[in-house]
2 protein chains.
Amino acid sequence: MPRPASARDRVLTAYEDLLIESGERGATLDAVAARAGVSKGGLLYHFGSKDALVEGFIARLMDLTEEDIDIMLAAPEGVVDYIIRTSVNEGTAFDRALIAAARLAQTADPRAGVALASIHDRWLDVVTQVVGDATVARAIVLISDGLYYNSALMGMGATEPNDPTDERLDRLLEVIARLGAASRP
Amino acid sequence: MPRPASARDRVLTAYEDLLIESGERGATLDAVAARAGVSKGGLLYHFGSKDALVEGFIARLMDLTEEDIDIMLAAPEGVVDYIIRTSVNEGTAFDRALIAAARLAQTADPRAGVALASIHDRWLDVVTQVVGDATVARAIVLISDGLYYNSALMGMGATEPNDPTDERLDRLLEVIARLGAASRP
DNA sequence: GTCTATATGACGATAGAC
DNA sequence: GTCTATCGTCATATAGAC
């Protein structure tokens with residue numbers, strides 16, 4: 001039940017959208033406020049500084065990460081299938097948050113990079129447990145990283161959502177299976 | 001024989017260094033000029049605008065790409081071994097240029113993203129020819145992308161050069177060999 | 001809680017001396 | 001070729017009214 005979305009939440013989403021569409025440079029307080037439908041003063045009531053805005057964004061990203069890992073572990077297609085196919089759809093709230101974080105990671109603030117590294121570690125843990133072998137797990141997570149990377153870097157703005165039913169992903173998953181990855185736990 | 005490095009070249013290298021260490025936000029004309037040991041006016045004599053500086057940087061990146069592909073094709077260990085091990089050392093001039101380009105890719109300018117995409121395509125071509133299978137080649141290049149991605153995003157500044165003799169890379173290459181990749185042409 | 005000013009500083013770029 | 005001003009613009013942040 002999506003409730004009317006508080007101003008604070010709208011601000012966070014507006015910031016994320018702008019990071020994806022215009023990069024860190026375009027995600028100014030003015031632009032975020034305009035997009036969220038509040039004034040700059042209104043924005044700064046909720047987040048006292050741009051720093052606080054980044055902090056709030058990363059906190060929400062980490063929450064979404066935990067949710068996604070639960071979904072991943074329960075995925076009927078198996079963890080490996082899930083992690084590859086959802087790299088990167090840009091459809092879900094989590095996908096969007098991840099791309100936005102990637103955009104943020106190379107600017108002034110190292111926090112986004114640290115958050116991404118910790119998410120990466122969580123994935124590696126999960127895949128290692130499912131797959132049994134640490135190096136195979138690493139290869140799989142690296143392929144997932146590569147897919148995210150390409151999504152995040154090429155084609156700012158015009159990033160059309162990946163089709164999870166793309167045949168190329170099917171073939172990629174077949175190849176990955178040769179690594180000795182159990183596609184079901 | 002490294003000659004005394006023209007001011008123009010020093011500016012380009014300073015820009016690259018600052019992109020790696022401080023991100024796009026930190027790579028201001030002031031900072032670049034200071035690092036290159038020239039004044040802002042001096043910098044703007046060689047590159048009439050920040051746009052021209054980006055252009056010059058990307059041109060040098062593309063030159064380095066062609067050089068690196070020649071080296072890759074002639075590598076005694078084979079193309080696959082070479083591409084994985086050099087993702088990402090941050091030691092060579094080419095590695096540094098690539099990381100800097102990744103930092104640049106999510107800001108205002110789409111040119112860096114376009115350049116990265118074309119480099120990626122060149123790699124995919126080369127690996128596909130060596131390996132025979134397009135999907136296997138894609139998996140390999142994605143792993144390489146993932147390694148670059150992690151280098152570029154985590155740990156701004158403190159990115160210590162990867163050790164190409166790292167045992168973890170050895171194991172990763174063993175796993176990749178299971179994909180059916182010929183490690184030698 | 002949300003708004004409209006306004007202060008302050010940084011960045012990109014120009015003009016002109018040497 | 002390289003320098004020292006200097007200008008215009010834009011971004012963050014503050015102050016204080018409603």
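All chains are named by letter (A, B, ...) in the order of the sequence lines, taking the proteins before the strands, and each is independently numbered beginning at 1.
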Of all the nucleotides listed ([options]), which has the minimum atom distance to the side chain of [X]?
| X | options | result |
| --- | --- | --- |
| S39(B) | dC11(C), dC3(D), dC3(C) | dC3(D) |
| S49(B) | dT2(D), dC11(C), dA13(C) | dA13(C) |
| A7(B) | dC11(C), dA11(D), dT2(D) | dT2(D) |

In this structure, how many angstroms lie between the [atom2] atom of [N] and the [atom1] atom of [X], rounded?
| X | N | atom1 | atom2 | result |
| --- | --- | --- | --- | --- |
| H46(B) | dG1(D) | NE2 | P | 7 Å |
| L29(B) | dC7(D) | CG | P | 19 Å |
| R8(B) | dG1(D) | CZ | P | 12 Å |
| F47(B) | dG12(C) | CZ | P | 15 Å |
| L43(A) | dT2(C) | CG | P | 10 Å |
| K50(B) | dG12(C) | NZ | C1' | 8 Å |
| D30(A) | dA5(C) | CG | C1' | 13 Å |

When the C1' atoms of the five terminal pairs at each end define the local axes, what inter-axis angle does the helix from dG1(C)-dC18(D) to dC18(C)-dG1(D) show, to 10 degrees? 0°
For [X], which residues count as a side-chain hydrogen bond (donor to acceptor under 3.5 Å, both in side chains) partner, sequence neighbours excluded?
| X | value |
| --- | --- |
| D51(A) | R111(A) |
| R8(B) | none |
| D63(B) | none |
| Q129(B) | none |

First of A27(B) and V38(A) reached from the 5' end of DNA chain C, by closest nucleotide: V38(A)
dT2(C) phosphate, OP1 or OP2, under 4.0 Å from Y45(A) side-chain N/O: no
Give the intermediate values and the outcome of side chain to side chain donor-acceptor pair (under 3.5 Å) for residues Y148(B) and D145(A). CA-CA 9 Å; Y148(B) 265 108; D145(A) 289 344; over 6 Å; no
Salt bridge between R122(B) and E66(B), side-chain N to carboxylate O under 4.0 Å? yes
Could R96(B) and D17(B) be called an ion pair, given the rule that one side-chain N must be under 4.0 Å from one carboxylate O? yes
Side-chain contact test, heavy atoms from C-beta onward, threshold under 4.5 Å: evaluate it for E174(A) versus T135(B) and give yes or no. no
Using atom names, set out every protein N or O paired with an N or O of nucleotides 14-17 of chain C below 3.5 Å, distance rounded to 0.1 Å.
none

Result of checking D166(A), D170(A), D95(A) against R85(A) for salt bridge (charged side-chain N to carboxylate O under 4.0 Å, His left out): D170(A)
